[in-house]
Enquirer: 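The structure's right below; bear with me while I get my questions together.
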Amino acid sequence: MVPDGALASAHPVGEDREVSVGVTADGALVLHDRVRQPVVDTLRWEDGRLHLSGAYTGPDRDRVLVLRHGERFEEIRQSVTIDDGRFEAVIDPEHQDFFGASLPLSRGRWYLSLRGADRWDNSEDAPVKLRPDLIAALPAVHEGVHKTYSVDRRFHDRIFLAAGSVLDSSELGPYRQRVLRDEYLAARERDPLREAVFYSSFEGKQFSDSPRAVYEELVRRGVDVEHIWTIRDRQVVLPQRVTAVEYGSREWALAMARSRYVVNNVKMEDWLLRREGQMVVQTWHGTPLKRIGADLLGTPKANRAYIASLPHRSRQWDFLVSPNTFTTPIMRDAFLCESEILESGYPRNDVFHAPDREARAERTREALGLPKGRKVVLYAPTWRDDQRYASQRFKLDLQIDLPSLREELADDHVLLFRKHPKVLDSIPGAGQGFVWDVTKYPDIADLYLIADVLVTDYSSALFDFAHSGKPMLFYTYDLEHYRDTLRGFYFDLGERAPGPLLKTSGELIKAIRDLDTVAEQYQERYEEFVRDFCDPSDGRAAERVVDRMLNGRG
């Protein structure tokens, strides 16, 4: 047995390895032959910031501290100072920079590692460990403005920084959420409606999409209403005149019950009941290529409980927004829709006709920090139903050879990679100048404006981007499997796609290099696609939706 108070020590071996002497959780001596690792021997909270320092015998140049989420596997890079066998880092969990916006760390455990600044992925990360005599001092807790942060450990000495929930303890868990539902129902019966619009975009994950366009149209008209926006985990930045309510909070449930208008773009809770005088607008969020809702009956992907609830859900809508004539009958059948369908076009696509679109595009380039003079390739694939960690938590099915793209295109291109919100994992190569992870950028519409070409697969992004008239490429490496086994399509993509269907990275590189030829070859089909799927497209969809809202006031 090792005496109490024995410290871990490390002895360098070769260029990048060490033999460490440590103590296990039950007090036994243990030796490790491992990559040289940083070992924290000092940690403290000061003015809301976490200060870490310790021993590190590894390389002392071009290192970054990486915070990697333990469930979603997304990453945040932080600066670190290394000098004379020591490292030091300061983490401000309340103020992390996301494209110029200051946001807190999202909920969950963030594991700490050191990584070479030019490393492509996390395969050679050195995990940050804790000196054994400091274990008794954990957890080290800091009460932030909206949530609690704590430093703790796993696997005996692996250190992580945990960000707690912004919800109050009275709002956490299934039982308390049921109590909130009852409070919502009671407020619905008891409290008068107030002149307010309650918005929700992707369940509080963004300030974006058609709800944002509806908000901006109401502001443009000067309509005298309060604007209340659903946010999740304080991860959304809102305009100054908008009131934020946290998804799942008491304020959120009561605002939904009391607001004159409700504008939403995904399915809402099945206990939502439209009250007399209240208007519920379902904007939805895409023209469907792949089958959805009740049209999945008879396949393994059918959610029978959700499908059975569709008639009730649609009865709560005053109207459902359709983007085009193609989609209207699909919505009627797939959603078992019993409400009005307004074929107005998607308000979110008015951006392609907005008089300030060039200024908005320039603001987007500045927020991203893109190098001038580079062509912008936007890659926005959908998820794969058979590539998942758990229900609604999907793996990144990365089939593009990103190193090859970088080698061939990096001199004059950048690749903006936007994962689908359901997809986890980090993006290899992000942060090194060619690949840019724009998954958390607030609104994909801004990215459409700066993109020179869209690369996608079966995502509804193709229907939105068609309003731009700019080239599209389809990286459909698994077309037959996806179409015939996973989801099924409403039409033959191969016959109607307004761009080439590509199966290899080599084909993709060649097409990006020769976009003018691609545009010429697919000009006629592109024009047909726009006629079929982009009508109406006049920049007035938000006007039509708001007209219907205000004229239907109870």
Side-chain angles (χ1 to χ4, degrees), residues 202 208-209 285-292 323-324 326-327 346 348-349 351-352 375-385 387 394-402 405 409 413-423 427 435-439 441 443-483 486-505 507-512 515 518-519 521-522 525-526 529-530 532-534:
F202 301 108
S208 69
D209 208 71
H285 56 273
T287 295
L289 167 63
K290 50 184 179 285
R291 295 191 178 275
I292 57 174
N324 46 54
F326 166 79
T327 303
Y346 274 150
R348 70 186 187 187
N349 289 330
V351 67
F352 295 107
K375 291 185 177 180
V376 176
V377 181
L378 174 60
Y379 182 40
T382 192
W383 80 94
R384 269 57 180 171
D385 298 75
Q387 299 290 323
F394 296 90
K395 298 179 181 179
L396 177 64
D397 187 38
L398 183 60
Q399 299 297 323
I400 285 183
D401 185 349
L402 291 178
L405 263 68
L409 301 172
H413 291 73
V414 292
L415 177 71
L416 307 188
F417 198 139
R418 188 172 177 93
K419 296 181 298 180
H420 189 278
K422 293 183 179 181
V423 173
I427 297 173
V435 180
W436 297 65
D437 183 355
V438 293
T439 303
Y441 188 86
D443 195 338
I444 194 173
D446 294 342
L447 305 179
Y448 292 152
L449 293 179
I450 66 172
D452 293 291
V453 57
L454 173 69
V455 179
T456 187
D457 43 21
Y458 323 112
S459 167
S460 65
L462 76 102
F463 299 97
D464 299 317
F465 196 76
H467 288 262
S468 74
K470 292 184 285 189
M472 282 187 276
L473 307 174
F474 297 86
Y475 191 59
T476 52
Y477 55 88
D478 59 350
L479 173 62
E480 293 78 11
H481 173 64
Y482 193 96
R483 179 193 62 205
L486 292 183
R487 293 296 290 266
F489 292 161
Y490 285 111
F491 61 83
D492 189 326
L493 182 64
E495 291 184 358
R496 304 183 74 174
L501 273 58
L502 311 168
K503 284 188 173 292
T504 69
S505 293
E507 293 173 353
L508 178 60
I509 293 168
K510 185 174 184 297
I512 292 173
L515 282 180
V518 169
Q521 290 176 344
Y522 283 85
R525 190 186 286 188
Y526 204 126
F529 191 88
V530 169
D532 290 342
F533 300 105
C534 298

Enquirer: Just checking His285 against Phe202, ring centres under 6.0 Å apart?
Expert: yes

Enquirer: Starting from the C-alpha separation in whole Å, work towards a yes-or-no answer on side-chain contact (heavy atoms from CB on, under 4.5 Å) for Leu415 and Leu402.
Expert: CA-CA 9 Å; Leu415 177 71; Leu402 291 178; 3.5 Å; yes

Enquirer: Considering non-hydrogen atoms only, spot the tightest contact between Phe474 and Asp457 and give its length.
Expert: CD2-O, 3.6 Å

Enquirer: Quick check: do Val455 and Leu378 have side-chain heavy atoms less than 4.5 Å from each other?
Expert: no

Enquirer: Hey, can you tell me if Phe529 and Phe491 have their rings parallel, tilted or perpendicular (30° and 60° cut-offs)?
Expert: perpendicular

Enquirer: Mind running side-chain contact (heavy atoms from CB on, under 4.5 Å) on Val453 and Met472 for me, showing each step along the way?
Expert: CA-CA 6 Å; Val453 57; Met472 282 187 276; 5.9 Å; no

Enquirer: Determine the minimum heavy-atom distance between Ala380 and Ser459, stating which atoms define it.
Expert: O-CB, 3.7 Å

Enquirer: What I want to find out is whether Asp437 reaches Lys419 closely enough, with some N-O distance under 4.0 Å, to be called a salt bridge.
Expert: no

Enquirer: Taking all atoms of both residues into account, what is the closest heavy-atom pair of Gly494 and Asp492, and its distance?
Expert: N-OD1, 2.9 Å

Enquirer: Give the C-alpha distance, both sets of side-chain angles, the deciding distance and a yes or no for side-chain contact (heavy atoms from CB on, under 4.5 Å) between Tyr448 and Val351.
Expert: CA-CA 9 Å; Tyr448 292 152; Val351 67; 5.8 Å; no

Enquirer: Does a side-chain heavy-atom distance below 4.5 Å link Gln387 with Phe394?
Expert: no

Enquirer: Report the relative orientation of the aromatic rings in Tyr482 and Phe489; use parallel for angles under 30°, tilted for 30 to 60°, perpendicular for over 60°.
Expert: tilted

Enquirer: Could you give the distance from CG (Leu501) to OG1 (Thr476), rounded to the nearest 0.5 Å?
Expert: 3.5 Å

Enquirer: Under the side-chain contact (heavy atoms from CB on, under 4.5 Å) rule, what do Leu473 and Ile512 come out as? Steps first, then yes or no, please.
Expert: CA-CA 8 Å; Leu473 307 174; Ile512 292 173; 3.6 Å; yes

Enquirer: Can you tell me how far the OG1 atom of Thr287 sits from the CG atom of Asn349, to the nearest 0.5 Å?
Expert: 8.0 Å

Enquirer: To the nearest 0.5 Å, how far apart are CG in Leu289 and OG1 in Thr327?
Expert: 10.5 Å

Enquirer: In this structure, are over 12 heavy atoms from other groups packed under 6.0 Å from Lys510 atom NZ?
Expert: no

Enquirer: Can you give me the closest heavy-atom contact between Ser208 and Asp443, atom names plus distance?
Expert: CA-OD2, 3.4 Å

Enquirer: Identify the heavy atoms of Gln399 and Tyr475 that sit nearest to each other, and give their distance.
Expert: O-OH, 3.0 Å

Enquirer: When you compare the side chain of Pro500 with that of Tyr522, does any pair of heavy atoms fall below 4.5 Å?
Expert: yes

Enquirer: Within this structure, what is the CG-OG1 distance for the pair Leu462 and Thr382, rounded to the nearest 0.5 Å?
Expert: 10.5 Å

Enquirer: Compute both the distance and the angle, then confirm whether Arg291 meets the cation-pi test with Tyr490: under 6.0 Å from the six-membered ring centre, within 45 degrees of the axis.
Expert: yes

Enquirer: Can the positive tip of Arg348 be found less than 6.0 Å from the middle of the six-membered ring of Tyr346, inside 45° of the ring normal?
Expert: yes

Enquirer: Determine the minimum heavy-atom distance between His413 and Val377, stating which atoms define it.
Expert: CD2-CG2, 3.8 Å

Enquirer: Output yes when a side-chain donor or acceptor of Lys422 lies under 3.5 Å from a complementary backbone atom of Trp383, and no otherwise.
Expert: no

Enquirer: Got a second to check how far Tyr441's OH is from Asp446's CG, nearest 0.5 Å?
Expert: 4.0 Å

Enquirer: Please examine the side chains of Tyr477 and Asp397, heavy atoms only from C-beta on, and report whether any two atoms are closer than 4.5 Å.
Expert: yes

Enquirer: Can you confirm whether Lys375 is buried at NZ, in the sense that more than 12 heavy atoms of other residues, nucleotides or ligands lie under 6.0 Å from that atom?
Expert: no

Enquirer: Are any non-hydrogen side-chain atoms of Phe417 and Val438 less than 4.5 angstrom apart?
Expert: no

Enquirer: Out of curiosity, Leu447 CG to Arg418 CZ, how far, rounded to the nearest 0.5 Å?
Expert: 5.5 Å

Enquirer: Flag the pair Asp478 / Arg384 as yes when at least one side-chain heavy-atom distance between them is below 4.5 Å, and no otherwise.
Expert: yes

